[in-house]
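Numbering of ligands and ligand atoms starts at 1, following listing order.
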Amino acid sequence: MNLSVQLAPKHPRGLLLTNPVMTASGTFGYGTEYSHMFDIQKLGAIVCKGTTLEPREGNPQPRLAETAGGLLNSIGLENIGVRALIEEKAPIWAGWHVPIIVNIAGETVDDYSRLAAQLDGVAGISGLEVNISCPNITAGGAEFGASPGPAAEVTAAVRKATSLPLLVKLTPNTSDITGVASAVVEAGADAVTVINTLKGMTIDIARRRPVLGNITGGLSGPDIKPVALRMVYEVAGAVEIPVIGCGGIITPSDAIEFIMAGASTIQVGTASFNNPRAPLDILEGIEQFMIKEGVDDLTDLIGKARL
Ligand SMILES: Cc1cc2nc3c(=O)[nH]c(=O)nc-3n(C[C@H](O)[C@H](O)[C@H](O)COP(=O)(O)O)c2cc1C
């Protein structure tokens with residue numbers, strides 16, 4: 001059976017994954033936290049926690065709240081910063097065979113560009129994933145990914161600063177997901193990840209206050225799956241580069257739905273908090289489905305539900 005997927009077909013070096021199961025940024029640390037629990041190198045790729053130029057402590061507590069079918073988080077990009085990542089994490093990754101993709105986040109276009117330049121050529125890093133769900137502080141705090149212009153500006157700046165394969169992670173908090181997708185493709189993205197969390201909130205009625213210290217947070221998990229699936233379906237119909245499906249994937253059949261909607265690979269996020277082995281369980285379930293259905297090549301499933 002062939003489960004391999006080329007995630008950056010237009011890139012000179014490409015980004016070949018042995019299988020379609022990736023981890024979602026912010027839900028799998030730097031990979032090292034999970035490496036004693038199962039053979040994480042069996043996965044297609046690991047996407048690390050969102051990384052900024054300087055270390056960040058994140059938002060005030062509480063930063064997590066469960067919902068009926070998911071999770072609200074307002075972590076606020078707590079991370080060790082790019083220097084520590086290069087000095088402490090990349091040397092470990094350089095000894096692994098699973099590709100590591102570094103997720104980057106910034107407040108200005110220049111932040112993204114400087115991050116990309118610093119990560120270019122670092123051993124152990126196979127690609128970048130650009131989180132464009134961050135507020136653009138030079139434009140009143142609107143998310144870069146909310147409209148095509150700023151999304152393309154960030155993508156073009158990162159493309160210029162690095163020779164690494166480039167994934168751009170789209171936000172669902174836009175009324176123009178296909179317009180944003182097309183704009184980042186034009187600006188040099190090798191693949192698009194669809195989607196990041198949906199903005200939401202929850203209230204503690206006894207305290208008469210929002211539960212999260214930051215008032216609002218990002219909704220993830222099964223609650224968002226139908227929205228994510230719809231966006232993958234739409235984006236896959238609008239662009240000709242690989243789409244990475246993400247949002248509420250808990251079971252192998254969730255993953256197969258995203259692949260049939262047009263995703264070449266998928267990311268597992270919130271599911272890892274309930275079951276740290278979830279990405280591997282999902283991979284094994286996809287393999288079992290292919291055996292049962294007599295499918296020899298994963299690419300034969302991609303987009304198969306598209307009308
Ligand atoms: C606790 C937490 C932290 C996250 N941190 C990041 C991050 O740093 N960068 C990013 O691009 N996405 C981040 N995400 C979003 C996930 O990568 C993913 O896009 C989202 O959770 C939807 O997938 P899921 O429903 O499988 O969790 C985070 C999600 C959670 C739950």
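- Side chain of Asn59 to backbone of Ser74: a donor-acceptor contact under 3.5 angstrom is found.
- Ligand 1 has no N or O atom lying under 3.5 Å from any N or O atom of Leu71, backbone or side chain.
- Polar contact with ligand 1: absent for Gln267 (N/O pair, distance under 3.5 Å).
- Residue Ser25 places at least one N or O, backbone or side chain, under 3.5 Å from an N or O of ligand 1.
- For the pair Thr197 and ligand 1, the shortest N or O to N or O distance does not fall below 3.5 Å.
- Between Ala157 and Val109, the closest heavy-atom pair is CB-CG1, 3.5 Å.
- In this structure, Ile195 is part of the shell of residues with a heavy atom less than 4.0 angstrom from ligand 1.
- Of the candidates Thr52, Asn73, Ile250, the one placing a heavy atom closest to atom 1 (C) of ligand 1 is Asn73.
- Checked by distance only, ligand 1 and Thr270 come closer than 3.5 Å through their nitrogen or oxygen atoms.
- Within the listing of ligand 1, atoms 24 (P), 25 (O), 26 (O) sit less than 4.0 angstrom from a heavy atom of Gly248.
- Residue Ile75 has no nitrogen or oxygen atom sitting less than 3.5 Å from a nitrogen or oxygen atom of ligand 1, judged on distance alone.
- Ligand 1 lies nowhere less than 4.0 angstrom from a heavy atom belonging to Ala271.
- Checking only distances, Gly50 does come within under 3.5 Å of ligand 1, N or O to N or O.
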